[in-house]
Amino acid sequence: MSSTTINLTLKVWRQPGPDAKGQFETYQADRIPTDASFLEMLDIVNEHLTLEGKDPIAFDHDCREGICGMCGAVVNGRPHGPEKETTLCQLHMRHFRNGDTIVIEPFRARAFPVIKDLAVDRSGLDKIIQAGGYVSVNTGQAPEANTIPVAKENAELAFDAAACIGCGACVAACPNASPMLFVGAKISHLALLPQGRPEAAKRALAMVAAMDELGFGNCTNHRDCEVECPKGIKITNIARMNREFLKAAFVSKVKL
Amino acid sequence: MKLDAKAPGGPLESKWERHRFELKLVNPANKRKFQIIVVGTGLAGGSASASLAELGYYVKTFCIQDTPRRAHSIAAQGGINAAKNYPNDGDSIWRLFYDTIKGGDFRAREANVYRLAEVSNLIIDHCVAQGIPFAREYGGLLDNRSFGGAQVARTFYAKGQTGQQLLLGAYQAMMRQIALGQVEMFPRREMLDLVIVDGKARGIVVRNLNTGEIESHLAHAVVLATGGYGNVFFLSTNGMSSNVSCCWQAYKKGAGFANPCFIQIHPTCIPVHGDYQSKLTLMSESLRNDGRVWVPKNPGDRRPPKDIPDSERDYFLERMYPSFGNLVPRDVASRAAKRECDEGRGVGPTGRAVYLDFRDAIARMGVAAIEEKYGNLFQMYEKIVAEDPYKTPMMIYPASHYTMGGLWVDYNLMSTIPGLFVLGEANFSDHGANRLGASALMQGLADGYFIIPYTIGGYLAGTPIEEITTSHQAFKDAEKEAAAYLDRLLSMKGTRTVDSFHRELGHIMWDYCGMSRNNEGLARARELVRDLRQEFWENAYVPGSAAEFNDSLSRAIRVADFLEFAELMVLDALARRESCGCHFNEAYQTEEHEAKRDDDNMRHVAVWEFAGEGKEPVLHKEPLEFENVELAQRSYK
């Protein structure tokens, strides 16, 4: 963990508000320790901007250990930057070289309006969950836990899908701004478990409909989402979602 | 300040049942007439919002993040305890109760802790029904593992992401209620003040973080589930936006603050490596199930770990605590690691680290089995440290993690302000002076799913609450004061950033009120904190305005509160003239350097009452009675 430092040039998207016109600004980020995370690098830049009397760069972040899903920006054209399966807060500056120029933009999608600079509004993802991304069980009604056995393989597949952090990188990566990796992950997680089956048809229909209404696009198999997903969510989940959707649309009696 | 714990009498096993029966009920048709504000959307706030809405209350929920799925509970890794006794290894509600109360060094209320153990099993049932993908055995039944401070395997887990999965369960339950119109969600809001009318909590004033607008929200009761104050150390395992501010506002409005010096130092964090660092990352305690903690026997041994033969390694936890080994509770493991480093046997570039070694476990179980159990934790470590823990031992060091102190609450989880309920880490109850692993998730969900839905009804049914609107003078005054406060912060025209003050405060607190404390250091810390607070108001600079997205302003509010709170924490540490759990005052220790309690004089909850700006807070005591357990010296040997 011995740290060296590097000097960088940043081209950062600055946009004062949702309706304001944005533009790239260039900043010098000098003596950045290579052990710092990308967000810590931005912290350092912001300290300098503040002391120079300039407006610090707005960006979203919270846990800084890669699990809350709040951070995220497009770094050199890639959501969460160049490292595979890595959120922006876990991207360390040792992956950049001295003298590099780094272009930093917000996640871009019509359904993710910019709030300020790199912070975007991803509440559309919550609205999709509200459409049916849950098991309808009120507190206090549950049977004894071990009366619902789940095959180990299914529990693990469900877990792999449930590991989605809802950061929206899949939307930002997709040329169609499709959230289908996110939606597919939730539909798969619940469809793979016995608890989720009773509502599976309704869930698939409602979540897909919500996605369309909110202005997200559809999947056309570019697979960019899978490449950029910081949690390694697989597009097989989209396939499972499509199967659930088709089954619901053509075979089930459920209508929205 | 009157501290009536309202713990019901009678045998321990039937206290909760009796209390539930005695609580007044709100008629189902009347529930919709009550509005409840919930601040915070972690395990406690999310589960409370969902459960209260399911009952028919109208719930307004607030969080500072962009969505309620981000709360810091999401980062909890290891698991959640319950007394199911599935592994048939002798667990019971009584044993979970006993381990928890002993683990907390007998500084928690018996009735609360027993209730926690009692509802733990319901939590697992409910979470399974929600579709939480807990780890399973091949037969399809739930799997368990063990955690520090326990000799049974009672921890349910979803790989190393249990907190995430449980939080998403609560979040989804809440999303369902939003769709049904029972919960109204207000993301990106920060509470600026608690509004009290006729002595009762009636609402909050918040700042919309997107626009800067100040809003008033009215309710019949307010629930705070805003987490802990570990970020007082600047570097902690907490999310960046975790803060003490909501609790501090409530304290200043008359809520007692209990045991602020009880703060858990977690033994297995990735060590600090630079001045610019913004946070510490915890490696789950579950790793100590298979990882062995050691340091070189010879101080200053700089050889790479693989070159140090077994005969020159000191597996100090196994040596000192043979019956619990690497799974001793967190306070014990943390202090042992600190002692090794203080005596010069620490490893890594700074010498402030010990090894957590999987060599033997990999040899025994194979890489695949280790990967299945801890894969994501190993991956996370490698990302941060750039070393492969499959090949070379992890380096770990203690760091500030969870806070056992918090707002004082009675058995109903109500603070000393009528109508103000406090859940999860934000309250002080259940964990005493030290929290055992896998118990935070349990308490958050117990409070939110299974306790507040009953006790809040008792309050609402039994209390006359006047119908008012947000045009009430109390709201107008609170809005005006909040706006004036923001102006005051923005008009400081100093030369230092807010973060630089926070970092300095963190150093003071870690050095003098951290893993071990002494009376001279605490007295010094008090002076240093006061000086720093004075300098903050003279020399800090907050850019931008209040009428916009302004993260610097949010941080300034939180740091200003930490600068006040830190002094209370130090004061509490000084007042607790004993060592217990995580509070280790060097003046009170056994010959073997273990914590030495003073049950005769210190068997109480220390509750602080705000006496006004610049005045000494007043100390009240809730004596702790132990009718069911014998107070014993904790021994993990």
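Proteins get letters first, then strands, A, B, ... in listed order; numbering begins at 1 in each.
A 6.0 Å sphere centred on NZ of K21(A) holds no more than 12 heavy atoms belonging to other residues, nucleotides or ligands. By the neighbour-count criterion of 12 heavy atoms within 6.0 Å, atom NZ of K152(A) is densely surrounded, having more than that number from other residues, nucleotides or ligands. Within 6.0 Å of the CZ atom in F186(B), the count of heavy atoms belonging to other residues, nucleotides or ligands exceeds 12.
Residue with the most contacts toward chain B among P56(A), A119(A), S136(A), G132(A): S136(A) (heavy-atom pairs, distance under 4.5 Å). By number of non-hydrogen pairs under 4.5 angstrom with chain B, the leading residue of G133(A), G53(A), A161(A), A151(A) is G133(A). Interface check for chain B: of the options E153(A), M41(A), Q90(A), the most heavy-atom pairs under 4.5 Å are formed by Q90(A). Among A53(B), S241(B), S242(B), P453(B), the residue making the largest number of heavy-atom pairs under 4.5 Å with chain A is S241(B). For the options R122(A), E83(A), E144(A), K54(A), heavy-atom pairs under 4.5 Å to chain B are most numerous at E144(A). Of the listed residues (D275(B), I124(B), D551(B), L142(B)), the greatest number of heavy-atom pairs within a distance under 4.5 Å of chain A belongs to L142(B). Ranked by heavy-atom pairs under 4.5 Å with chain A, the list H72(B), K159(B), M185(B), E54(B) is led by E54(B). The candidate with the highest count of non-hydrogen atom pairs below 4.5 Å against chain A, out of G140(B), A75(B), G239(B), G139(B), is G140(B). Counting heavy-atom pairs under 4.5 Å between each of G196(A), G69(A), G17(A) and chain B puts G69(A) at the top. Interface check for chain B: of the options T50(A), L91(A), L157(A), L39(A), the most heavy-atom pairs under 4.5 Å are formed by T50(A).
Between C89(A) atom SG and M240(B) atom CE the span is 10.5 Å, to the nearest 0.5 Å. For the atom pair R69(B) CZ and D126(A) CG, the distance stands at 7.5 Å (nearest 0.5 Å). To the nearest 0.5 Å, atom CD of residue Q130(A) and atom CD of residue Q177(B) are 11.0 Å apart. The CG atom of L55(B) sits 7.5 Å away from atom OG1 of T139(A), with the distance rounded to the nearest 0.5 Å. Distance check, rounded to the nearest 0.5 Å: CD of E372(B) to CD of E156(A) gives 5.0 Å.
With a 4.5 angstrom heavy-atom cutoff, T67(B) touches chain A via backbone and side-chain atoms both. In this structure, chain B has no heavy atom under 4.5 Å from any part of S37(A). At a 4.5 Å heavy-atom cutoff, the contact between A163(A) and chain B is made by backbone and side-chain atoms alike. Residue H189(A) touches chain B through its side chain alone, counting heavy-atom pairs closer than 4.5 Å. Looking at S123(A), there are no atoms closer than 4.5 Å to chain B (heavy atoms on both sides), in backbone or side chain. The part of L280(B) that comes within reach of chain A is its backbone (N, CA, C, O), which places non-hydrogen atoms under 4.5 angstrom from that chain. At a 4.5 Å heavy-atom cutoff, T147(A) makes no contact with chain B through either its backbone or its side chain. If you measure heavy-atom distances from Q277(B) to chain A, the contacts under 4.5 Å come from both the backbone and the side chain. Within the 4.5 angstrom heavy-atom criterion, no atom of S47(B) approaches chain A. Proximity to chain B involves both the backbone and the side chain of E85(A), based on heavy atoms less than 4.5 angstrom apart. Using a 4.5 Å cut-off between heavy atoms, Q130(B) touches chain A through backbone and side chain atoms alike. Contact of E548(B) with chain A is made through the side chain alone, with heavy-atom distances under 4.5 Å. Contact annotation for I165(A): both backbone and side-chain heavy atoms come within less than 4.5 Å of a heavy atom of chain B. Neither the backbone nor the side chain of Q141(A) comes within contact range of chain B; no heavy atoms are under 4.5 Å apart. Using a 4.5 Å cut-off between heavy atoms, K127(A) makes no contact with chain B at all.
Using a 4.5 Å heavy-atom cut-off against chain B, the contacting residues of residues 42-49 of chain A are D43(A), I44(A), E47(A).
Considering only heavy atoms from C-beta on, Q161(B) comes within 4.5 Å of I67(A) through its side chain. You'll find the side chain of N138(A) reaches within 4.5 Å of the side chain of R176(B), heavy atoms only. Contact of the T86(A) side chain with the Q379(B) side chain is not registered, since no non-hydrogen atoms from C-beta on lie closer than 4.5 Å.
One side chain, S278(B) or E40(A), offers a donor N or O that lies under 3.5 Å from an acceptor on the other.
A pairwise comparison of heavy atoms in A158(B) and F159(A) identifies O-CE1, 3.6 Å as the closest pair. Smallest separation of non-hydrogen atoms from A129(B) and I148(A): CA-CD1, 4.5 Å. For the residue pair I129(A) and Y171(B), the shortest heavy atom distance occurs at CG1-OH, 3.6 Å. Of all heavy-atom pairs between D125(B) and P143(A), the closest is CB-O, 3.4 Å. When all heavy atoms of A155(A) and F134(B) are compared, the closest pair comes out as CB-O, 4.1 Å. Counting all heavy atoms, side chain and backbone alike, V137(A) lies closest to H126(B) at O-CE1, 3.8 Å.
Under the 4.0 Å criterion applied to side-chain N and carboxylate O atoms, K279(B) and D62(A) are not assigned as salt-bridge partners. Between R188(B) and D60(A), at least one side-chain nitrogen of the basic residue sits less than 4.0 Å from a carboxylate oxygen of the acidic one, meeting the salt-bridge criterion.
For Y86(B), the ring pair (Phe, Tyr, Trp, His ring centres under 6.0 Å) partners two or more places apart in sequence, or in a different chain, are F156(B).
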